[in-house]
Engineer: 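To start, I am sharing the structure in question, which I have written as structure tokens.
From a predicted model like this one, the values you see are computed outputs, not experimental measurements.
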Amino acid sequence: MDSVSQFALGAAVGVATMGRRTAPWKAALVGAVCGTLPDLDAFIDHGDPVSNMTLHRTESHALFYLTLLAPALAWLADRVWRGPAGESLFRRWWLAVWLALITHPLLDLMTVYGTQLGLPFTDHPYAVGSMFIIDPLYTLPLLVGLVAVLSWRDARGLRWNAAGLALSTLYLAWSALAQHHVRGVAEESLRAQGLDAGHVLVTPTAFNTVLWRVVAMGGDTYREGFYSLLDGGRAIRFDSFPQHDALRASLADSPYLRRVVWFSHGFYAMREDDGRVLVSDLRMGQEPHYSFNFVVAQRQGDNLQPVTPEWISRRPDIRSGLAWIWQRARGDAVPPPRQ
């Protein structure tokens with residue numbers, strides 16, 4: 001999730017855990033710092049854009065390593081801020097810090113990007129994919145609760161903070177239930193059209209959990225469709241696009257291509273453009289605009305020569321894109337922008 005959401009979640013968790021044992025602003029500050037800390041790995045340059053993408057949310061987001069880090073950060077917080085009578089609050093700080101740390105990757109788990117929270121035991125990039133990376137309806141209750149607790153600094157503020165945490169958590173549960181419903185509609189629509197429903201991705205469009213994007217892989221093509229919860233059970237219309245998977249066989253020696261294929265869980269497409277071979281992660285974006293496109297080879301005569309990857313991001317016009325999302329989310333059967 002975005003930095004504001006992680007900051008707010010960490011602060012809210014810190015306040016809820018510490019309660020009246022320390023000043024709310026102290027608990028919020030420690031929680032916010034711990035909730036933000038795992039994303040500092042984004043500043044590490046691993047040498048190429050594919051590695052930078054696939055090595056984000058790795059050790060810094062692993063539950064095992066964050067659990068090991070928690071006592072040290074709790075000790076530091078306890079040294080700086082003791083209890084009202086000077087007593088140690090180490091155990092409570094330990095719990096607050098640990099919860100603020102581990103809720104960060106658990107929240108990231110809800111997005112489609114992929115979070116390797118099982119390291120060092122497994123490097124599998126887990127992803128539920130029921131939340132867009134930025135969703136105001138998730139973040140707003142947390143921010144309201146924090147404003148209340150920092151304004152009132154009494155039991156009322158703590159209740160508002162707890163309510164913000166509860167509402168945001170319920171929203172996560174809602175997103176998972178909505179995703180499950182849309183997946184059922186998508187699979188039924190694919191089967192009714194005689195299409196393969198075995199490898200399907202369902203994820204929300206930007207900033208909401210009403211309009212959902214569906215990607216279905218099949219053969220040398222992939223299909224993209226959209227479904228709004230206000231469509232009333234209407235079958236999903238899919239557009240087909242070439243995957244150009246045959247290019248992959250010519251680039252069997254490219255570790256960068258293999259890593260994108262692995263990281264994307266098979267939701268990728270390749271194309272050749274002006275002698276350059278690009279691979280796109282189909283999970284983040286929508287046709288033809290994707291956040292992660294990488295040049296992985298250059299044509300030299302009849303051969304494809306693997307190269308150190310170059311990142312190319314294609315972004316849609318934000319104003320027209322948001323206007324389409326709003327119109328389509330209301331159930332209007334308007335085609336998606338393809339320019």
Engineer: Salt bridge or not between Asp154 and Arg159? Use side-chain N to carboxylate O under 4.0 Å.
Structural biologist: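 No.
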Engineer: In terms of side-chain geometry, is the basic nitrogen of Arg330 or Asp332 positioned less than 4.0 Å from the acidic oxygen of its partner?
Structural biologist: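 So Arg330 pairs with Asp332 through a salt bridge.
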Engineer: Measuring only between side-chain heavy atoms, which start at C-beta, is Gln116 closer than 4.5 Å to Phe263?
Structural biologist: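 Yes, side chains in contact.
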Engineer: Return yes when atom CD1 of Ile318 has more than 12 non-hydrogen atoms of other residues, nucleotides or ligands closer than 6.0 Å, and no otherwise.
Structural biologist: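 Counting neighbours around CD1 of Ile318, 12 or fewer heavy atoms of other residues, nucleotides or ligands fall under 6.0 Å, so no.
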Engineer: Other residues, nucleotides and ligands only: do more than 12 of their heavy atoms fall within 6.0 Å of NE2 on His180?
Structural biologist: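 Atom NE2 in His180 is not packed in, count stays at 12 or less.
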Engineer: Can you give me the closest heavy-atom contact between Gly225 and Phe238, atom names plus distance?
Structural biologist: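 Gly225 and Phe238 have their closest heavy atoms at N-CD2, 3.7 Å.
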Engineer: Is the Phe292 ring parallel, tilted or perpendicular to the Phe294 ring (thresholds 30°, 60°)?
Structural biologist: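 Plane angle under 30°, so parallel.
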Engineer: Between Asp78 and Ser88, is a side chain to side chain donor-acceptor pair (under 3.5 Å) present by the stated rule, with each step listed?
Structural biologist: CA-CA 7 Å; Asp78 187 52; Ser88 173; 2.9 Å; yes
Engineer: Could you check whether atom CD of Gln193 has more than 12 heavy atoms from other residues, nucleotides or ligands sitting under 6.0 Å from it?
Structural biologist: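 Enclosed: over 12 neighbouring heavy atoms sit under 6.0 Å from CD of Gln193.
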Engineer: Can you tell me if CH2 on Trp94 sees more than 12 non-hydrogen neighbours from other groups inside 6.0 Å?
Structural biologist: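 Atom CH2 in Trp94 is not crowded, with 12 or fewer foreign heavy atoms closer than 6.0 Å.
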Engineer: Show me the side-chain donor-acceptor pairs of residues 136-146 shorter than 3.5 Å, one per line, residues at least two apart or across chains.
Structural biologist:
unit_1	atom_1	unit_2	atom_2	d
Thr139	OG1	Ser5	OG	2.5
Thr139	OG1	Asp135	O	3.4

Engineer: Got a sec: does the CZ of Arg234 have more than 12 other heavy atoms crowding it under 6.0 Å?
Structural biologist: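 Yes, CZ of Arg234 has more than 12 neighbouring heavy atoms, counting only those of other groups under 6.0 Å.
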Engineer: How would you list, by chain and number, every residue that makes a side-chain contact (heavy atoms from CB on, under 4.5 Å) with Arg276, sequence neighbours excluded?
Structural biologist: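 Partners of Arg276 under the side-chain contact (heavy atoms from CB on, under 4.5 Å) test: Leu278, Val295, Gln298, Glu310, Ile312.
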Engineer: Test of understanding: clusters of I, L, V, M, F, W, Y form through side-chain heavy atoms closer than 4.5 Å, transitively. Do Val210 and Trp324 belong to the same one?
Structural biologist: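 The answer is no; the residues belong to distinct hydrophobic clusters.
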Engineer: Does a sphere of radius 6.0 Å around CZ in Arg191 hold more than 12 heavy atoms from other residues, nucleotides or ligands, not counting ones at 6.0 Å or beyond?
Structural biologist: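 Count over threshold, so yes.
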Engineer: Where does the angle between the aromatic ring planes of His56 and Tyr113 fall among parallel (under 30°), tilted (30 to 60°) and perpendicular (over 60°)?
Structural biologist: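 Geometry flag for Tyr113 against His56: perpendicular rings.
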Engineer: Over all heavy atoms of both residues, which pair between Leu257 and Ser254 is shortest? Give the atoms and the distance, please.
Structural biologist: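 That would be N-OG, 3.2 Å.
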Engineer: Using a 6.0 Å distance limit plus a 45 degree cone around the ring axis, check whether Arg213 lies over the aromatic ring of Phe132.
Structural biologist: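 Verdict for Phe132: no cation-pi partner in Arg213.
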Engineer: Between His104 and Asp108, does any side-chain donor sit less than 3.5 Å from a side-chain acceptor?
Structural biologist: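 A donor-acceptor contact under 3.5 Å links the two side chains.
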